[in-house]
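Everything on this sheet refers to the single structure shown next.
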There are 2 protein chains.
Amino acid sequence: MNEATRSVGIGIVGLGTVGGGVVRLIQKHHDDYVAAYGADLRIVRACALEQSRAEELGTGAEAFTTDWHDVVSDPAVDIVIELIGGEHPATEIFESAFAAGKHVVTANKALLGRHVEALGAKAAAAGVQIRCEAAAGGGIPIVGTLEHDLVGNQVLTIAGIMNGTTNYILTRMAAEGLDYSDVLADAQRLGYAEADPTADVDGFDAASKIAILGSIGFRTRITTDDVYMQGIRDITSEDIAVARDMGYVIKLLAIARNTDEGVDVRVHPAMIPATHQLAAVNGAMNAVFVVGDAVGETMFYGAGAGSFPTASAVVGDVLSLSEHISRGTAPMAEPEPFGRNLSIRDIEDLSTNYYIRLKVADRVGALAETVDAFASKNLSIKQVMQLDGGNEDSCSVVFLTHTCSERDVRAAIDALKGASCLQKIGSVIRIEDVDAWSDGVMDN
Amino acid sequence: MNEATRSVGIGIVGLGTVGGGVVRLIQKHHDDYVAAYGADLRIVRACALEQSRAEELGTGAEAFTTDWHDVVSDPAVDIVIELIGGEHPATEIFESAFAAGKHVVTANKALLGRHVEALGAKAAAAGVQIRCEAAAGGGIPIVGTLEHDLVGNQVLTIAGIMNGTTNYILTRMAAEGLDYSDVLADAQRLGYAEADPTADVDGFDAASKIAILGSIGFRTRITTDDVYMQGIRDITSEDIAVARDMGYVIKLLAIARNTDEGVDVRVHPAMIPATHQLAAVNGAMNAVFVVGDAVGETMFYGAGAGSFPTASAVVGDVLSLSEHISRGTAPMAEPEPFGRNLSIRDIEDLSTNYYIRLKVADRVGALAETVDAFASKNLSIKQVMQLDGGNEDSCSVVFLTHTCSERDVRAAIDALKGASCLQKIGSVIRIEDVDAWSDGVMDN
């Protein structure tokens with residue numbers, strides 16, 4: 001370095017999987033960061049529940065505290081890294097850090113998914129930054145890409161596989177023909193799924209991430225509560241096999257589209273062509289597909305979770321802030337909150353093709369009765385398939401619709417519930433119109 | 001915008017495919033850029049050979065010039081966009097722009113592939129920046145990703161499909177079983193290949209790009225001349241079919257690995273597992289696979305060329321510089337040139353598995369003679385396959401080696417040339433050890 005620089009004080013709250021990764025990564029590369037970027041990162045405060053964890057990581061007794069207030073109030077701390085997750089006390093940590101003039105780096109998708117706009121406004125008012133590369137996509141550089149690299153574009157679509165647990169489960173179901181519950185149990189045993197898998201398998205985790213990415217990409221407010229959510233619990237190996245025969249794979253997608261009728265934002269299992277880039281994203285890996293009006297189709301692939309991948313994103317944010325802190329210049333403050341307030345489109349206005357699997361009584365007239373129910377709501381059926389493998393009393397029937405609205409599908413399913421032959425609504429899976437993602441791309 | 005801002009003067013040299021895209025993109029989104037980023041971009045000078053082109057694009061008669069000096073000397077120009085390609089007069093344009101205190105945004109891979117370090121030093125001395133997102137990967141955000149988002153990592157491997165023409169040709173050869181020359185002719189007719197395809201099909205274009213990305217990713221000097229190059233002219237549909245039977249696809253890869261024995265940097269056709277992410281990148285699309293020690297495996301996919309995709313990268317760079325110019329603050333100067341000077345590993349030290357296809361006389365003893373030649377150089381053969389489809393006098397034989405050095409393979413091929421049965425060395429294709437790309441990733 002040619003210039004006089006000062007060290008950068010890091011205060012870290014939370015020494016779990018990601019926090020531990022951040023500490024170890026900074027320890028491993030401390031001298032590299034000094035040599036390459038003039039960034040002398042010092043972990044001056046570290047907050048965790050147990051001192052033994054800090055000892056294990058070697059952050060030093062003098063840095064250790066169990067009280068996050070010690071971190072945000074320490075004048076030696078320039079950057080607060082919040083890695084405890086959840087809304088409280090994370091909100092209070094953010095606000096106290098801003099009040100003390102400190103930047104915040106975070107992986108907290110639950111908090112930002114709900115409150116990115118309000119927290120952004122508070123950071124802007126305090127002249128500091130929130131950086132959240134790790135909060136959406138884990139290690140995948142996607143927040144920075146949307147905030148910086150793709151700014152020449154109007155972003156049209158962001159669609160991704162943003163949850164590793166569900167992608168791991170669906171990948172193994174597809175590869176091994178196993179059922180959901182069997183793979184889930186195995187995933188829990190192997191550490192790919194939590195004991196309580198709700199946040200992953202029901203789509204909450206992916207919903208938070210698409211809310212954050214949609215907000216940034218479209219420069220408008222989208223909160224987790226705006227996101228329609230449907231998880232993967234109803235998907236069977238039968239659905240996956242039928243999809244394969246039709247040239248599709250089933251993925252849990254998080255989708256945000258900036259349409260003329262408002263922002264279409266949703267998380268649900270979807271069938272996509274087996275030849276699509278996202279179809280090749282397997283196991284616990286994640287990928288975010290972004291369509292911009294100039295750049296066209298892009299995709300960003302990597303590990304969506306894990307200790308060091310997430311730490312890579314956190315430390316990238318820290319180094320970006322440090323560039324300025326080291327030289328004594330102020331980083332740019334958080335930009336003003338979004339100038340736009342685009343409306344959110346009702347999920348019932350979605351128009352696509354649907355796959356509907358029913359379990360019906362195996363008797364004469366059953367099929368006619370279901371077809372009548374669909375017809376009564378003007379649902380146009382493209383194909384009906386009776387699947388093998390029922391027992392004497394019941395069989396599975398799959399209906400593929402022509403393009404129709406979610407509203408009409410819901411009405412038809414309500415009508416079906418009155419059909420005497422119906423034993424169970426098996427699954428309702430949208431066949432995603434991936435070509436529509438590129439509507440509005442400029443013609444070369 | 002809350003702050004007083006000023007407009008940003010753009011001078012553009014070259015109004016070809018990319019230049020035209022840049023002009024049209026700025027025209028389309030001018031008001032969006034003002035609203036979103038406070039960036040009022042004005043194209044104040046535009047240099048091209050023909051005024052009719054400027055008229056077609058609507059850049060205005062008063063902005064038009066045929067002399068690039070008018071662009072770099074205009075005090076109203078803050079940023080010079082160089083889009084003419086080649087080494088001269090691009091070098092003089094860069095140097096004159098720096099001398100006048102102007103930043104340069106460029107897509108010039110030929111120039112930067114050879115001189116990124118020297119030009120970077122001159123920009124740094126002048127206190128301005130060179131930005132080159134468009135020079136490697138076209139529209140794919142990869143330069144910014146390496147310069148900013150992945151800085152927490154030691155980058156271990158950068159490997160990509162970085163040339164759309166060759167990927168288009170190989171994809172169609174694979175899908176349709178066609179031969180190279182037939183697809184090339186078709187690609188030329190359709191505009192996917194130039195009349196003189198040398199720079200693409202012989203690997204020069206990809207070599208420039210991997211030199212730039214390797215330099216940035218590893219923070220060391222790599223020039224195009226350091227890159228071993230082999231093109232795709234020798235690949236046949238036969239090779240592709242055999243590869244497929246073995247579970248591989250053939251792609252023209254540009255690879256840079258930061259190894260203990262030096263930087264391994266090369267462009268050549270390679271066999272990779274059909275399940276690898278890069279194997280699914282088809283047609284004219286590009287992708288860059290990056291392995292960092294913390295983040296692990298990542299991939300960045302998109303259009304590597306084309307008017308608006310490349311313009312997306314150029315305008316992203318312009319907006320990034322504009323953030324500062326609009327507010328009257330100085331953008332950071334170009335960082336000092338690379339602190340490291342890693343050695344380049346000799347291609348003969350490469351160690352991998354090889355696929356070698358020979359055309360030999362179809363007579364008793366021919367196979368033994370070729371096997372003897374390999375054995376004389378201690379080349380360990382794993383498998384020999386005689387292919388169908390020879391004529392009465394000749395047949396194709398494929399040899400797969402165990403792991404061996406390039407040096408030994410070359411010696412064996414020299415020895416083969418003395419074998420009386422040999423009619424032709426068909427193709428020599430490296431089977432890339434993609435698992436080795438992740439050597440050194442931190443264990444979660």
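Small disclaimer: the values here were computed from a predicted structure and weren't measured. Chain letters run A, B, ... following the sequence lines, proteins first and then strands; every chain starts at 1.
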message: Does any backbone or side-chain atom of A:Tyr33 lie under 4.5 Å from a heavy atom of chain B? Answer side chain, backbone, both or neither.
response: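 Answer is side chain: those atoms of A:Tyr33 sit under 4.5 Å from chain B.
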Winner by heavy-atom pair count (cut-off under 4.5 Å) against chain A, out of [options]:
{"options": "B:Arg24, B:Met285, B:His29, B:Glu133", "value": "B:His29"}
{"options": "B:Ala311, B:Ala313, B:Ser307", "value": "B:Ser307"}
{"options": "B:Thr145, B:Val290, B:Asp293", "value": "B:Asp293"}

Return the option, out of [options], with the maximum number of heavy-atom pairs under 4.5 Å with chain B.
{"options": "A:Arg219, A:Glu323, A:Glu297, A:Arg340", "result": "A:Arg219"}
{"options": "A:Val315, A:Val281, A:Asn444, A:Thr298", "result": "A:Asn444"}
{"options": "A:Ala280, A:Ala303, A:Pro141", "result": "A:Pro141"}

message: For a 4.5 angstrom cut-off between non-hydrogen side-chain atoms, does B:Lys251 reach B:Leu278?
response: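 Heavy-atom side-chain distance check fails, nothing below 4.5 Å.
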- prompt: Can you tell which of B:Thr106, B:Val105, B:Val314, B:Thr17 makes a side chain to side chain contact (heavy atoms under 4.5 Å, CB included) with B:Leu83?
  reply: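 Between B:Leu83 and the candidates, side chain to side chain contact (heavy atoms under 4.5 Å, CB included) is satisfied uniquely by B:Val314.
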- prompt: Sub-3.5 Å donor-acceptor pair from the side chain of B:Asn167 to the main-chain atoms of B:Gly283, do we have one?
  reply: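 Yes; judged by distance alone, with no hydrogens or angles, the pair exists.
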query: Is a donor on one side and an acceptor on the other found under 3.5 Å between the side chain of A:Asp40 and the backbone of A:Val34?
result: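 Looks like no, no N/O pair under 3.5 Å.
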- prompt: For B:Asp317, is it the side chain, the backbone, both or neither that has a heavy atom under 4.5 Å from a heavy atom of chain A?
  reply: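 No part of it gets close to chain A.
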Show the atom names and distances, to 0.1 Å, of all donor-acceptor pairs under 3.5 Å that link a side chain in residues 146-154 of chain A to residues at least two apart or in another chain.
unit_1   : atom_1 : unit_2   : atom_2 : d
A:Asn153 : OD1    : A:Ala294 : N      : 2.9
A:Asn153 : OD1    : A:Val295 : N      : 2.8
A:Asn153 : ND2    : A:Leu150 : O      : 3.3
A:Asn153 : ND2    : B:Ser312 : OG     : 2.8

- prompt: Excluding sequence neighbours, so at least two apart, what forms salt bridge (Lys or Arg N to Asp or Glu O under 4.0 Å) with A:Glu117?
  reply: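 Checked A:Glu117 against salt bridge (Lys or Arg N to Asp or Glu O under 4.0 Å); matches are A:Arg221.
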